[in-house]
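Working notes for the structure below.
Only heavy atoms go into these numbers, but all of them, side chains included; no hydrogens, no water, no symmetry mates. Remember, predicted model here, so these are calculated numbers, not experimental data. Proteins get letters first, then strands, A, B, ... in listed order; numbering begins at 1 in each.
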There are 2 protein chains.
Amino acid sequence: MKKTAIDQLGFLIHDTGRLLRRHFEKRGQEYGLSSAQWRLLVRVVREQNPTQARLAELMEIEPISVSRLIDRMEQGGWVRRCAHETDRRVNRVVPTDKSLSAYSAIKAVAADVYEEAMAGVDEDMRAALISALTLMVGNLSSDETATTPPNVEQQAAS
Amino acid sequence: MKKTAIDQLGFLIHDTGRLLRRHFEKRGQEYGLSSAQWRLLVRVVREQNPTQARLAELMEIEPISVSRLIDRMEQGGWVRRCAHETDRRVNRVVPTDKSLSAYSAIKAVAADVYEEAMAGVDEDMRAALISALTLMVGNLSSDETATTPPNVEQQAAS
DNA sequence: CTTGTTTAATAAGCATGCTTATAATATATG
DNA sequence: CATATATTATAAGCATGCTTATTAAACAAG
């Protein structure tokens, strides 16, 4: 039945994520950017010099994780911490020239990895995949409180 | 177009995995099992006392990661390392009574988290999701070497 | 102005993954 | 038997996430 497949959903998503990360890092390692660093850089470029707190919010990770990611990225010459104009508590995170010039190349690598991963997955299935994942992120983000909304068929242990 | 959605695939899968893990750990923390420990325990029970090397192979993580996971699980009373009958290099990993009695309860928690995540995702979409992820895992596991032969379906190594 | 609260960033320490290296044991070969 | 190679587990050290606690600055209220 499908039930057995659902049991493996967590494993599947975990594995897919791990494999994507692994491939991206292998392909992107000539640039010296890890996948976490790449995710952060995308936000920095898109948001135009966000603060660390803003990055934590966008990436849904803790501020301390951002802080340490940026430690390493600053060391690697990818971003700089710049003082905020008015608020002396705040750092703006600014991409370096190195980041800006590598950006499109690395973006192409990412797109390439995605296409490699999606070989043999037709358009309909891609659309369904993305819709399903988007729904799931919504379900899991929103109801930090609720437990079991509308039509759940929860299965006990099998 | 769809291209923009594909760009976000990595982010989506990453987020979904992170959120699933977070929910599972919140719900399962009364048992004191993390999600990595849970994944390992499932293998241990299914495989009937596998060796650490076998676990590393099954979970596709490094032997050293297994070793340290088991360090903590042994401390937590979830598994024991038992000497192999003939090969003195080898440890068999054996679930404790505590594991066996908690197993179905935790399995139910996992199933519950999956259902919560999948609320509003209909049967067709679930099937497509699982098929797509399975294909992706295949693509990313098999071709550790190739780069992007157009629409590949090579299943070289397993 | 002083006191208290909130916010931004960091520190300390843990879990889980990784890579690279080592120790102990098994096995294969001269 | 002795030596070379495999395999199993572990060690050391790093990256990235977490929780909890701290520091510095901003802001609000008396």
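Base orientation of dA11(D): anti, since the glycosidic angle falls outside 90° of 0.
We find that CG of L19(B) is positioned 11 Å from P of dC18(D), with the value rounded to whole Å. For the pair I70(A) CD1 and dA11(C) P, the computed distance is 13 Å after rounding to whole Å. As rounded to whole Å, 13 Å separates atom C1' of dC14(D) from atom CD of E25(A). Rounded to an integer number of Å, the gap from CG of L69(B) to P of dC18(C) is 10 Å. Atom CD of E62(B) is separated from atom C1' of dT16(C) by 13 Å (rounded to the nearest Å). What separates CD1 of I61(B) from P of dT19(C) is a distance of 12 Å, to the nearest Å. Summarising the geometry, the separation between CG on L33(B) and C1' on dA15(C) is reported as 13 Å, rounded to the nearest angstrom. Whole-Å rounding puts the D15(B) CG to dT16(D) C1' distance at 15 Å.
Distance from the side chain of R39(A) is smallest to dG17(D) among dC18(C), dT16(D), dG17(D). Comparing atom distances between the A53(A) side chain and each of dA8(C), dT16(C), dT10(D) picks out dA8(C) as nearest.
Using a 4.0 Å cut-off, some side-chain N or O of Q52(A) falls inside it from OP1 or OP2 of dT10(C). Between S65(A) and dC18(D) there is a side-chain N or O to OP1 or OP2 distance below 4.0 Å. For S67(B), a side-chain nitrogen or oxygen approaches OP1 or OP2 of dT10(D) to under 4.0 Å. At the phosphate of dA15(C), neither OP1 nor OP2 sits under 4.0 Å from any side-chain N or O atom of R68(B).
Of all heavy-atom pairs spanning R92(B) and N49(B), the tightest one is NH1-O, 2.9 Å. Smallest separation of non-hydrogen atoms from A36(B) and M59(B): O-CE, 4.2 Å.
In this structure, the separation between CD on E25(B) and CD on Q37(B) is 8.5 Å, given to the nearest 0.5 Å. Here the CD1 atom belonging to I130(B) is positioned 11.5 Å from the CE atom belonging to M125(A), to the nearest 0.5 angstrom.
Taking 4.5 Å as the limit, every side-chain heavy atom of N91(A) sits out of range of all side-chain heavy atoms of T51(A). Using a 4.5 Å cut-off on side-chain heavy atoms (C-beta onward), W38(B) and V42(B) make contact.
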Salt bridge (charged side-chain N to carboxylate O under 4.0 Å, His left out) between E47(B) and R54(B), worked out: CA-CA 9 Å; E47(B) 283 276 314; R54(B) 174 69 179 146; 3.1 Å; yes

Intermediate values then yes/no, side-chain contact (heavy atoms from CB on, under 4.5 Å), I70(B) and Q52(B): CA-CA 9 Å; I70(B) 293 178; Q52(B) 293 187 196; 3.8 Å; yes

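Within the 4.0 angstrom heavy-atom criterion, no nucleotide atom of any strand lies near R18(A). Residue Q37(A) is classed as a sugar-phosphate contact, given heavy-atom separations below 4.0 Å to backbone atoms only.
Using a 4.0 Å cut-off between charged nitrogen and carboxylate oxygen, R81(A) and D71(A) count as a salt-bridge pair.
In DNA chain C, the stems built from three or more successive Watson-Crick or G-U pairs (distances below 3.5 Å) are C:1-24 with D:7-30, C:26-30 with D:1-5.
Contacts between residues 78-93 of chain A and DNA chain D, defined by a heavy-atom separation below 4.0 Å, involve T86(A), D87(A), R88(A), R89(A), listed by number.
A donor-acceptor contact shorter than 3.5 Å links the side chain of N139(A) to the backbone of A119(B).
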